[in-house]
Amino acid sequence: MPQIGGFANCSGLKSSGLKNFRLSSAHAALLVIYWLLSMLDIQLLRSQPEQVTARLAARGYQFDAAQFAALEEDRKQLQTRTQDLQAKRNSLSKQVGVLKGKGEDASSVLAEVAGLGDELKANEAALTDLLARINAFVSIIPNLPHESVPVGASDVDNVEVRRWGTPRVLDFEEKDHVDLGAALGGLDFETACKISGARFAIMKGAMARLHRALAQFMLDVHTGEHGYTEVYTPYLVNAESMYGTGQLPKFEEDLFAVPKADGGKFYLIPTAEVPVTNMVRDEIVPLDKLPLKWVCHTPCFRSEAGSYGRDTRGMIRQHQFDKVELVQMVEPSQSWEAHEQLTRHAEVILERLELPYRRMALCTGDMGFSSAKTFDLEVWLPAQKTYREISSCSNFEAFQARRMQARLRNAQGKNELLHTLNGSGLAVGRTLVAVLENGQQADGSVVIPQALRPYMGGLEVLVPAL
RNA sequence: GGAAGCGUGGCAGAGUGGUUGAAUGCACCGGUCUUGAAAACCGGCAACGUCGUAAGGCGUUCGUGAGUUCGAAUCUCACCGCUUCCGCCA
């Protein structure tokens, strides 16, 4: 089993100064700038602003190159000046030590260094402030799309890459999973609404078991056949982790937060991507441990702010849903091959479950913030007579790794950022929906896919209660 | 919850105000020797940032942050984490 040196040591280390990302002190800001500067390579922003601007424009982000250049100009000047002053102070202080060591008078040197104090302090403060502004500017820039990503503005410009399976032609009026679930007596949204609110579900009996069976099945395939190591992680994480994978600082409103007694807060994970990917934060992974391949089954919590009115019926869009997540950390040269493999790993689940799907290459305008390229897998839902997203498989290249300072030691003994990838393999709730709707029969019963039957005690059909 | 202690480089472990970015050992890399390997010996070996075409210079970092000081791994305060003992609970 892969092990990463030292990550058991969870003592907070460099990160606790970043709490809530409020740059409350000079040093915190310096740390942010030194450790986490940008999700994009800052050198690239400096050396090729035109290309960066063009590529970001393709995904609908307006990069203000002129403002960045101005900030950089100021930064360069201030930083040089500050470091000169620091160097002077250091060397004079050393002289004091030498003189005192020899028992000589150091008062003239002391007077000289005292004169530096105010200017140095002012410069340091100004630099801290400027670096914080640059960081704020740069940390909300999304990743650059890979050159193979189709250019487009929204989901209508996504490109279908392949298609598997043929939707059944039903000779009866199809039901959606809500009606099927109600008739089967296993899906209950009303009671869930009473005890929690909208966008929650209760599953009972064989339905609950089917849900569990799906997760078990997925885990078994990924661990047994695809070479992933199962991992169990916290569901509550700190702000640094959310920052590392890119949910913060930009998307706080999508998250649920839990206050802590000390005034800080935990965030509920919106996906296992967050805890799993952050396992390598501030780590340097030896080459021979790569690739790291993790599979993780967790609940996911999303506020769904801004999606009022969308998918309000049924289990498609919930505040809480289960997902089996695939995560890989690989050498940079391997990440595109890994992206294809990881996507296949998710597709295999759909095929084993006999669910028709298609693979979509997301266009530049529809991709997530951190992604360099994303394939969505969409499963056929008979009741909606359309394909709906059930998995999203992304290569982030070094984007997340840069923020997390997740590195590998290469063959030359040098540290370099590794590449991170992840994908749903699959979203369990939506898979349940797909199994119900695709397996339905005229009498409202649902045929359980062969692959799941061992997990259902041999049960072949879900039958409506009379 | 009460008491005590600890947090230094990949690891172990020195270091209590002044060329200490940090002794020493292990690990690792290169070399000598050897038919080959081991051993022995010699040499090298932190990260990040920044300036520079480069060579290299400079800055920051000893759990995190704030302070004292001309100067902090070393002193003060707060916080985080870990260990041990007692209590409590399973």
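Proteins get letters first, then strands, A, B, ... in listed order; numbering begins at 1 in each.
Across all strands shown, B/rG1 forms a Watson-Crick or G-U wobble pair, both distances under 3.5 Å, with B/rC86. Searching all strands for a Watson-Crick or G-U wobble partner of B/rG49 with both distances below 3.5 Å returns B/rC58. Base pairing of B/rA73 is not made with any nucleotide, judged by Watson-Crick or G-U wobble geometry with both donor-acceptor distances under 3.5 Å. As the counterpart of B/rC33, no nucleotide is assigned, since no Watson-Crick or G-U wobble pattern has both distances under 3.5 Å. For B/rG21, there is no paired nucleotide, since no Watson-Crick or G-U wobble pair has both relevant distances below 3.5 Å. Pairing for B/rA38 is absent, judged as Watson-Crick or G-U wobble with the two contacts each under 3.5 Å. Of all nucleotides present, only B/rG81 satisfies the Watson-Crick or G-U wobble test against B/rC6, with each distance under 3.5 Å.
Comparing the same atom, P, in B/rC45 and in B/rC80 gives a spacing of 40 Å after rounding to whole Å. Taking atom C1' on both nucleotides, B/rG9 is separated from B/rA22 by 9 Å, rounded to a whole Å. Look at the C1' atom in both B/rG7 and B/rA55: the space between them is 40 Å, to the nearest Å. For the C1' atom pair drawn from B/rU64 and B/rC82, the interatomic distance equals 15 Å after rounding to whole Å. Atom name P, nucleotides B/rU69 and B/rU16: the rounded distance is 23 Å, in whole Å. Between B/rG63 and B/rA72, the distance separating the two P atoms is 15 Å to the nearest Å. Using atom C1' as the reference point in both B/rA54 and B/rU68, the two lie 43 Å apart (nearest Å).
For A/Asp188, the salt bridge (charged side-chain N to carboxylate O under 4.0 Å, His left out) partners are A/Lys204, not counting sequence neighbours. Applying the ring pair (Phe, Tyr, Trp, His ring centres under 6.0 Å) test to A/Phe68 and every residue at least two apart in sequence or in another chain returns A/Phe63. Judged as a ring pair (Phe, Tyr, Trp, His ring centres under 6.0 Å), and not counting sequence neighbours, the contacts of A/Tyr232 are A/Tyr235. Scanning for ring pair (Phe, Tyr, Trp, His ring centres under 6.0 Å) contacts around A/Phe217 gives an empty result, with sequence neighbours left out.
Ring geometry, A/His319 versus A/Phe200: the interplanar angle falls from 30° to 60°, so the pair is classed tilted.
Atom CG of A/Asn135 and atom C1' of B/rG49 are 14 Å apart (whole Å).
With values rounded to the nearest 0.5 angstrom, A/Met456 atom CE is found 12.0 Å from A/Gln216 atom CD.
Checking A/Ser392, A/Ser391, A/Ser424 one by one against A/Asp376, the side-chain hydrogen bond (donor to acceptor under 3.5 Å, both in side chains) holds for a single residue, A/Ser392.
Considering only side-chain N and O atoms, A/Arg407 lies under 4.0 angstrom from the phosphate OP1 or OP2 of B/rC48.
Salt-bridge check for A/Glu252 with A/Lys265: passed, with a basic side-chain N closer than 4.0 Å to an acidic carboxylate O. Using a 4.0 Å cut-off between charged nitrogen and carboxylate oxygen, A/Glu72 and A/Arg75 count as a salt-bridge pair.
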Under 3.5 Å, which N/O atoms of the protein pair with N/O atoms of nucleotides 51-54 of chain B?
| residue | atom | partner | partner atom | Å |
| --- | --- | --- | --- | --- |
| B/rC51 | OP1 | A/Arg75 | NH2 | 3.1 |

Extract from the structure each pairing of a protein N or O with an N or O of nucleotides 67-72 of chain B at less than 3.5 Å, listing the distance.
| residue | atom | partner | partner atom | Å |
| --- | --- | --- | --- | --- |
| B/rC70 | O2' | A/Ser93 | OG | 2.9 |
| B/rC70 | N4 | A/Lys100 | NZ | 3.4 |
| B/rG71 | O4' | A/Ser93 | OG | 3.2 |

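Side-chain contact check for A/Thr271 and A/Lys323: at least one donor-acceptor pair (N or O, by modelled atom type) lies under 3.5 Å.
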